[in-house]
Amino acid sequence: MTRSLLLTGLRDLVRRPLHSGLMVLGVALGVAVVVAIDLANTSALRGFARSTEAITGRATHQVVGGPSGLAQDVLRRIRIEGGLRASAPVVEGYVTALDLDRQPLRVLGLDVLSEGPFRAHLGGRSLADPGFERLFVDEAAVFVGAALADRYGLSLGRPLRVRVQDRVETLTVRGIIRSADAREAASLDGLLFMDVGRAQRLLKMGDRITRVDLVASDDEAERIAALLPAGVRLVSAREQAETVAQLTEAFQLNLTALSLLALVVGMFLIYNTVMFSVVQRRAVLGTLRLLGVTGEQVFALVLLETATASALGVLLGVGLGWVLGQEAVRLVTRTINDLYYVLSVTGAPLTAASVGKGVALGLGAGVLAAVAPALEAARVEPVEALRPSRLESRARRVVPGVALGGALLAVAGGILMMLAGRSLALSFAGLFAIVLGLALVAPLATVASMAVAGPIGGRLVGTLGRLAARTVTRSVSRTGVAIAALAVAVSVTIGVGLMIESFRSTVENWLDLSLRADVFISAPSPGGTRRTPVVSPDIPQRVVAVPGVEDVETFRRVRVASPLGEVQLAVADPRRPRSAAFYRFAEGEPDEVWERVRAGAVLVSEPFAFRHRLPEAGGTVQLQTDRGLRSFPVAGVFYDYATESGLVLLSSNVYERFWDDRAISSLGVYVAPGHAIEEVVADLRAALAGTALQVTPNRALRAGALEVFDRTFAVTQALRLLAVIVAFIGVWSALMALQVERTRELATLEVLGLGPRQMWGLTLLETGLMGTVAGLLALPLGWLLAVILVTVINVRSFGWTMRLEADPWLFVQALAVSVVAAALASVYPLIRLRRRSLAAALRSE
Amino acid sequence: MSRNPIIRLDRVSKDYTEGAETRRVLHEASASFAEGEVVAIQGRSGSGKSTLLNLVAGIDSPTTGEVWVAGTCINRLSPADRTLFRRDHLGFVFQFFNLIPTLRVLENVQLPAELRGRSPGEAAERARTLLGEVGLAGRESSFPDRLSGGEQQRVAIARALVQDPRILLADEPTGNLDDITGEGVMDLLERLTRGAGRTLVLVTHSLQVASRADRVHTIEDGRVVPLPGPRGRTELTQVPP
């Protein structure tokens with residue numbers, strides 16, 4: 001490519017700031033969304049990895065027990081019988097820092113003397129190291145990381161009020177651990193270090209410990225494993241951490257897929273802008289061809305121009321993505337804290353990997369979107385420069401072929417989805433193919449709709465009505481794509497909206513079913529579903545004594561080991577059987593099923609059955625009990641939307657047979673007939689005064705659960721909105737392009753007497769038609785998207801089945817959004833049109 | 001020139017600004033054209049012929065001076081009112097026809113009548129009559145790109161006349177046509193304007209076209225200069241294009 005040719009292209013970018021700007025914006029918005037979500041996801045994962053690093057340190061293995069932890073004797077066995085000195089006892093638990101935005105903090109009780117080989121930032125120093133003796137100054141002494149201290153202005157001696165299980169305790173900051181290494185400093189965030197003995201007392205663990213960390217070779221590990229009593233296991237530290245991190249995989253993949261959708265919508269915008277630029281420059285391109293420039297050179301020129309604009313878009317998008325990422329990481333972290341595990345992430349620094357992804361996707365999407373217009377430009381013959389209508393007539397000819405190709409792509413997407421099995425990535429690829437395929441049908445649908453709309457418009461408003469419809473058809477290469485972009489964005493709104501609505505309604509029904517007691521009593525959880533604080537053993541008696549209390553049920557939530565990984569157990573009071581609606585699959589009547597549960601069978605939640613591929617009947621679950629590994633028959637599968645990782649429900653009489661843990665996580669209180677729930681709640685609160693226990697009426701707990709649900713979908717809602725914004729800009733740019741292209745035609749109409757109101761009417765009619773077609777296309781596409789999201793993606797992501805609910809209002813809203821977005825998009829082009837000189841407009845080509 | 005002037009330019013100047021430079025195209029130009037008169041405007045390329053026509057049509061505004069059309073000083077009107085004024089009083093014929101490509105021949109012609117408030121049926125009836133008058137009966141359903149240049153210009157003339165305007169403005173109406181076709185178009189224009197007592201102001205480079213006018217003006221140094229001739233008609237001078 002010659003220098004002059006290159007200059008032609010680059011100067012054209014400069015001479016058309018509006019169009020170059022739109023191209024840059026298309027890339028920038030798409031890249032920004034992708035980078036923001038990527039930053040949020042990677043920051044969350046990095047935050048998790050760092051906190052794991054701080055907690056496991058250099059440990060290669062961990063010795064872990066059941067819900068009640070380990071007896072200290074295990075440590076003695078490891079050290080004396082196993083001869084392994086590199087072993088350190090750890091006590092771990094969660095508290096809520098009441099004065100630090102009520103954030104959850106992880107208590108790490110360590111034996112400083114044993115820490116040498118493990119955690120460099122703490123145990124790397126000896127007790128003689130000035131400062132560490134302060135951990136023993138008083139019972140409440142804690143050390144905190146410098147990041148937390150700096151964020152909340154914590155200084156030495158500062159009291160720290162925390163809620164621990166059902167109590168409020170005051171700890172004292174006795175040390176602030178600073179690290180010159182930024183990575184290490186970040187890993188300390190969200191942690192409270194204590195002496196192991198003091199942590200045992202704080203967490204009411206008696207003389208038991210959470211685990212023993214080891215630095216051991218494979219041979220040593222094998223030797224230690226053989227020494228361990230029943231119910232105590234040796235696990236690889238890395239695997240343990242990875243299992244937890246994998247919990248959020250599906251959630252994060254869903255977000256990534258949605259962010260990529262924003263980039264796809266951005267590609268429509270780029271395509272439209274480049275296509276417009278090619279149409280506008282046909283005469284120039286024709287002349288260049290006349291001067292001997294080859295088709296290949298023209299093709300390369302257009303791609304180079306787009307790549308230049310895309311590069312600018314990428315720069316802008318990465319910056320914008322970083323800004324959006326700070327909010328996205330907050331939302332993602334909150335959801336992970338709500339649903340998965342406690343995580344403290346305070347920011348989303350830009351990483352080379354995220355920038356790399358943004359650059360690759362932005363440039364790739366930009367160039368890919370420009371291929372079709374560049375091919376069109378390369379096909380320009382010198383003689384065609386004088387016949388500007390050729391492009392559109394060719395576009396109209398290829399419309400049926402494009403639609404057929406789109407339909408085939410959609411079918412291929414459907415087949416891919418069917419063949420994808422459990423692969424979420426392939427399912428999303430199938431979904432994308434379906435969406436893109438149906439988007440390609442949009443131009444044909446546009447032409448067909450306008451063929452109907454023209455005569456109707458003519459009958460209703462005369463020639464202007466016909467003119468509006470034909471204008472949309474005439475520029476189908478641009479209007480069709482703008483309509484496709486808007487239809488995809490609006491269908492995402494419908495699909496995701498229906499999915500969230502269906503999910504919410506399913507969860508609401510499920511809450512009605514599962515929250516049966518009138519009042520619930522529990523210690524507030526510091527976050528996540530992984531750790532459930534316990535209630536003091538004397539509480540049930542105090543509750544039963546309250547007037548109006550008819551019955552009290554106890555619940556226990558614990559995590560136990562199993563060959564399938566860590567499993568969450570829900571231990572239920574066996575006295576009250578579940579109703580038929582509780583079960584997804586169960587053999588026999590609900591009462592019979594419940595009888596089997598009382599006798600020793602378990603029920604598994606739907607995600608658990610999905611995740612571990614359990615058969616509908618006849619399956620078994622092996623669990624690591626305090627009596628060793630035991631097998632439990634599965635009596636049925638029940639609906640549960642509380643945990644994505646799955647739940648195994650068993651009766652408390654069975655639990656007590658196999659586990660020594662007698663703690664209670666929460667209580668369900670049934671109010672006697674004739675007593676007002678509010679009064680009983682007030683009496684319960686009075687009876688439990690002095691504890692940190694929460695007394696929550698059924699209705700409030702239900703509302704709280706739905707609040708968490710809504711928070712979970714905050715990012716999804718934001719992405720949904722962003723897709724519409726990108727599409728809006730797409731329609732806007734298409735309209736701008738159309739108005740510029742029709743400058744002379746519109747000026748002629750004005751000379752012929754088209755008044756300002758009529759001009760507004762004509763333009764609004766055109767955009768209204770485009771918006772209506774996009775909206776009408778979006779309705780079935782959105783419904784299809786919802787069906788796929790609900791019945792395929794959600795099941796493959798989380799194992800949840802839900803009832804698809806079609807709220808007609810959502811469809812009406814979507815159609816209105818589509819029409820209003822298109823109509824609004826025409827406002828600026830119209831204002832711009834009014835500002836231009838009529839005489840100059842008549843002279844324009 | 002006993003008839004009343006229907007168009008009057010009073011010391012009209014028009015400047016165009018391009019960057020830091022200002023170019024004066026018309027300089028205190030004055031002229032008046034009578035009702036029912038056919039006037040041709042000639043001049044070199046860039047002399048301001050089309051600018052003059054645009055000022056009369058209210059498509060452009062003078063920098064100074066006044067433009068009176070049918071008793072209204074149109075440069076005092078708002079852009080919106082100028083559009084309405086044009087709709088009621090003026091017909092315009094362009095060099096490149098400026099037909100709306102997405103409208104059929106009949107629709108192109110009936111559109112201005114509809115814009116003025118006539119019902120589509122009434123407008124179509126009037127358009128059909130005019131298409132008959134310009135010799136295009138039977139071509140109502142064609143799209144403009146199916147017509148020859150001469151036919152397209154005849155559609156444009158029909159369109160300009162559909163509102164029955166008192167004044168017809170034509171910017172190089174034969175500039176894009178061969179001589180014979182151009183002659184035909186001029187015959188038509190003359191017949192439809194003189195016959196109805198309309199005023200026709202046309203800008204042209206062509207001597208033959210200008211020879212049909214009652215009077216010919218040329219633009220020199222930004223001023224409108226009448227070319228004298230017998231019976232008030234023009235004694236033509238060659239004006240280079």
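Below, chains carry the letters A, B, ... as their sequence lines are ordered, and counting in each starts from 1.
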- Residues in residues 752-766 of chain A near chain B [non-hydrogen atoms, under 4.5 Å]: L752(A), G753(A), L754(A), G755(A), P756(A), Q758(A)

- Within 6.0 Å of CG in D178(B), more than 12 heavy atoms from elsewhere: yes

- Item | Side chain / backbone / both / neither for P120(B) at chain A, heavy atoms under 4.5 Å | side chain

- Please state whether the side chain, the backbone, both or neither of A57(B) comes within less than 4.5 Å of a heavy atom of chain A. neither

- Return yes when atom CZ of R24(B) has more than 12 non-hydrogen atoms of other residues, nucleotides or ligands closer than 6.0 Å, and no otherwise. yes

- Item | Side chain / backbone / both / neither for N54(B) at chain A, heavy atoms under 4.5 Å | side chain

- Message: So which residue, Q110(B), R116(B), R104(B), E114(B), ends up with the most heavy-atom pairs under 4.5 Å with chain A?
- Response: E114(B)

- Under the side-chain contact (heavy atoms from CB on, under 4.5 Å) rule, what do F94(B) and V751(A) come out as? Steps first, then yes or no, please. CA-CA 10 Å; F94(B) 303 88; V751(A) 170; 3.8 Å; yes

- Query: Which atoms of F97(B) come close to chain A, meaning under 4.5 Å heavy atom to heavy atom: side chain ones, backbone ones, both, or neither?
  - Reply: neither

- salt bridge (Lys or Arg N to Asp or Glu O under 4.0 Å) between E750(A) and R82(B), intermediate numbers included: CA-CA 10 Å; E750(A) 213 177 321; R82(B) 277 207 296 273; over 6 Å; no

- Query: Looking at side-chain heavy atoms only, is the closest gap between L838(A) and D60(B) below 4.5 Å?
  - Reply: no

- Message: Could you measure the distance from the CD atom of E745(A) to the CG atom of L99(B)? Nearest 0.5 Å is fine.
- Response: 10.5 Å

- Message: What's the separation between atom CG in L115(B) and atom CG in L464(A), rounded to the nearest 0.5 Å?
- Response: 5.5 Å

- Query: Is it the side chain or the backbone of Q95(B) that comes within 4.5 Å of chain A heavy atoms, both, or neither?
  - Reply: neither

- Query: Going by distance alone, is a donor N or O of one side chain under 3.5 Å from an acceptor N or O of the other, for T463(A) and E107(B)?
  - Reply: no

- When rounded to the nearest 0.5 angstrom, what is the spacing between CG in L103(B) and CZ in R470(A)? 6.0 Å

